[in-house]
Amino acid sequence: MPELPEVQTIVDDLNKKIIGRRITGVWFDAPKLIKKPKSKDFEKEIKGLKIIEIRRRGKNILIYLEKCHMSGVKCQMFLLLVHQKLTGHLLYGKWRTIKVSRFKSLKVKSLIRGSLEEKVNNYIHLIFYLDNGWQLGLSDLRKFAKVLFGPKKEIEKLPDLTKLGPEPLDQSFNLSVFQSAILKNKGKIKQVLMNQEIIAGIGNIYSDEILWQAKIHPFRLANKLIANELTNLYSAMRQILKKAIKLRGTSISDYRDAEGRPGAYGKILKVYQKENKPCRRCRTLIKRVKMGGRSSHYCPKCQKI
DNA sequence: CGATTCCCCTGATAGC
DNA sequence: TGCTATCAGGGGAATC
């Protein structure tokens, strides 16, 4: 599931590949993914716009586009927001749609990277055609992803962006800001870390890894953490997120970078999906418990309640 | 208002 | 072998 490091990896990749490209067309077979505008208007509204910049906010990919009138004198900014949720990811590549049956309008996508390979990718549900012959495709096995598009100012006003908490890696998000943000909550620390309105970008994988590193039990109440623990938690959070970005993310589920390659952080995971494996510090077996419908992994010895 | 549950969706896995 | 039931999981909506 793409969290901050995975989304950052994709954003960095895309910034190297699609800046300045113009969208020449759109194809999709899962209209429910497009939340704004109405899916039938989507292509009409985005066609012809030029990609200016890609950014990340929390787990959201923000693609800024420009529409110019009067031969470039007057320009208007637009924003395409993609949230990949569990299994979505944006890919840069080439696909073609194939009619499988002449009775059904069901289509399969063939992936062609240059002329190197050709294989079916059943999970491409949205394709943006670019003016260099390449495409930006949204692959999503679970179809949970969401796509929003509209004038920049309009999209920026939506709760999808306005409700997000601070960026954990921002310079201004220092230890004291972090401490007060955490201490305001009486919920369990794991859920607080994953709450996008408190801190943006941390999900199930990295919250488990951060808590293990900081030796804090996921069930501990946020407002009961002591100063020393908050210091450890803060530095674990910064350290792990930075390292995960360096390693281009974790390939749990079917996460891939913009070129379809897996990330390397998965190799150094300490607790996530390590149930019954020995803790890397004390050899005690890692436990997995359910918490609000999500699984939580921790070492029962290192992370005391 | 806050906390909990349901739901979206589909591949993997378990049970029969 | 093949069917059905269950589960995972981000986040928004509905419900308690």
Side-chain angles (χ1 to χ4, degrees), chain A residues 1-8 10 28-36 39 56-62 81-90 106-109 119-126 138-148 155 157-165 167-168 181-211 218-223 241 244 249-256 262 266 269 271-276 286-298:
Chain A
M1 60 228 66
E3 301 178 27
L4 186 155
E6 291 77 28
V7 178
Q8 189 65 53
I10 288 187
F28 55 85
D29 69 352
K32 287 173 93 174
L33 302 185
I34 299 163
K35 310 292 180 191
K36 211 177 187 41
S39 64
R56 180 191 59 74
R57 180 71 178 95
K59 301 176 194 172
N60 297 279
I61 298 172
L62 305 178
L81 181 155
V82 179
H83 193 305
Q84 310 179 106
K85 297 279 181 80
L86 291 176
T87 54
H89 42 271
L90 277 179
L106 180 66
K107 288 169 183 170
V108 169
K109 282 66 64 182
K119 64 182 177 187
V120 172
N121 182 339
N122 282 312
Y123 308 126
I124 299 283
H125 294 300
L126 169 61
L138 177 64
S139 162
D140 189 7
L141 185 150
R142 293 279 188 281
K143 294 187 191 168
F144 282 178
K146 73 176 175 192
V147 174
L148 299 162
I155 300 297
K157 271 191 285 185
L158 297 173
D160 307 67
L161 289 176
T162 57
K163 287 177 81 179
L164 290 176
E167 284 292 327
I182 295 295
L183 289 172
K184 272 188 210 134
N185 302 281
K186 48 188 181 179
K188 300 180 180 82
I189 185 60
K190 158 104 171 165
Q191 287 172 328
V192 170
L193 284 178
M194 288 204 296
N195 185 334
Q196 302 303 298
E197 296 178 30
I198 300 168
I199 304 171
I202 299 173
N204 212 19
I205 298 174
Y206 294 105
S207 58
D208 278 359
E209 295 297 313
I210 290 166
L211 288 167
F219 282 30
R220 291 283 304 284
L221 300 183
N223 59 3
L241 292 178
T250 304
S251 290
I252 292 294
S253 189
D254 63 349
Y255 166 77
R256 294 293 184 271
L269 287 174
V271 281
Y272 187 77
Q273 290 195 345
K274 301 288 180 194
E275 187 183 13
N276 292 327
I286 298 299
K287 269 197 170 181
R288 181 168 80 114
V289 287
K290 284 267 265 185
M291 175 190 226
R294 304 290 178 262
S295 60
S296 185
H297 311 75
Y298 65 98

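Values in this document were obtained by computation on a predicted structure and should not be read as measured data. Throughout, a chain's letter reflects where its sequence line sits, starting with A, and its residues are numbered from 1.
- At the heavy-atom level, A/Lys163 lies nowhere under 4.0 Å from the strands shown.
- For the OP1/OP2 pair of C/dG11 and a distance below 4.0 Å, the side-chain nitrogens and oxygens of A/Gln196 include at least one atom meeting the criterion.
- Among the heavy atoms of the strands lying under 4.0 Å from A/Lys186 are primed sugar atoms or P, OP1, OP2 only; no base atom is included.
- The interatomic distance linking A/Glu3 (CD) with C/dG10 (C1') rounds to 10 Å, in whole Å.
- With distances taken from any side-chain atom of A/Leu141 to the nucleotides C/dG12, B/dG11, C/dG9, the minimum falls on B/dG11.
- One can place NZ of A/Lys188 at 10 Å from P of B/dA3, the figure rounded to the nearest angstrom.
- Here A/Arg142 does not reach the OP1 or OP2 of B/dC7: none of its side-chain N or O atoms lies under 4.0 Å away.
- For the atom pair A/Arg288 CZ and A/Ser296 OG, the distance stands at 10.0 Å (nearest 0.5 Å).
- OP1 and OP2 of C/dA8 both lie 4.0 Å or more from every side-chain N or O belonging to A/Tyr272.
- Remark: ring of A/Phe144 not stacked against base of C/dG9; the cut-offs of centroid gap under 5.5 Å and plane tilt under 30° are not jointly satisfied.
- Residue A/His83 places at least one side-chain N or O closer than 4.0 Å to OP1 or OP2 of C/dG11.
- Atom CG in A/Leu193 sits 14.5 Å away from atom OH in A/Tyr206 (nearest 0.5 Å).
- Close to B/dT10, at under 4.0 Å from its OP1 or OP2, lies no side-chain N or O of A/Tyr123.
- Checking the phosphate oxygens (OP1, OP2) of C/dA8, a side-chain nitrogen or oxygen of A/Lys290 falls inside 4.0 Å.
- Between A/Ser295 and C/dA8 there is no side-chain N or O to OP1 or OP2 distance below 4.0 Å.
- There is a side-chain donor-acceptor pair under 3.5 Å between A/Lys190 and A/Ser207.
- One side chain, A/Asp29 or A/His125, offers a donor N or O that lies under 3.5 Å from an acceptor on the other.
- Here C/dG10 presents its C1' atom at 16 Å from CE of A/Met291, a figure rounded to the nearest Å.
- Judged by a 6.0 Å distance limit and a 45° cone about the ring axis, A/Lys287 is not positioned over the six-membered ring of A/Tyr298.
- The nearest heavy atom of DNA chain B to A/Gly187 and to A/Lys32 marks one nucleotide each, and the one closer to the 5' end goes with A/Gly187.
- The CG atom of A/Asn185 sits 13 Å away from the C1' atom of B/dA3 (whole-angstrom rounding).
- Residues A/His297 and A/Asp208 bring a donor and an acceptor atom of their side chains to less than 3.5 Å of each other.
- Residue A/Leu86 contributes atom CG, which lies 14 Å from atom P of B/dG11 at whole-angstrom precision.
- OP1 or OP2 of C/dG10 has not a single side-chain nitrogen or oxygen of A/Lys146 nearer than 4.0 Å.
- At the phosphate of B/dT10, OP1 or OP2 sits under 4.0 Å from a side-chain N or O atom of A/Lys143.
- To the nearest angstrom, P of C/dG11 lies 16 Å from CG of A/Leu158.
- The phosphate of C/dG10 has OP1 or OP2 within less than 4.0 Å of a side-chain N or O from A/Arg294.
- One atom, CD of A/Glu197, and another, P of C/dA13, lie 12 Å apart when rounded to the nearest Å.
- The CZ-P distance, from A/Arg288 to C/dC7, rounds to 11 Å in whole Å.
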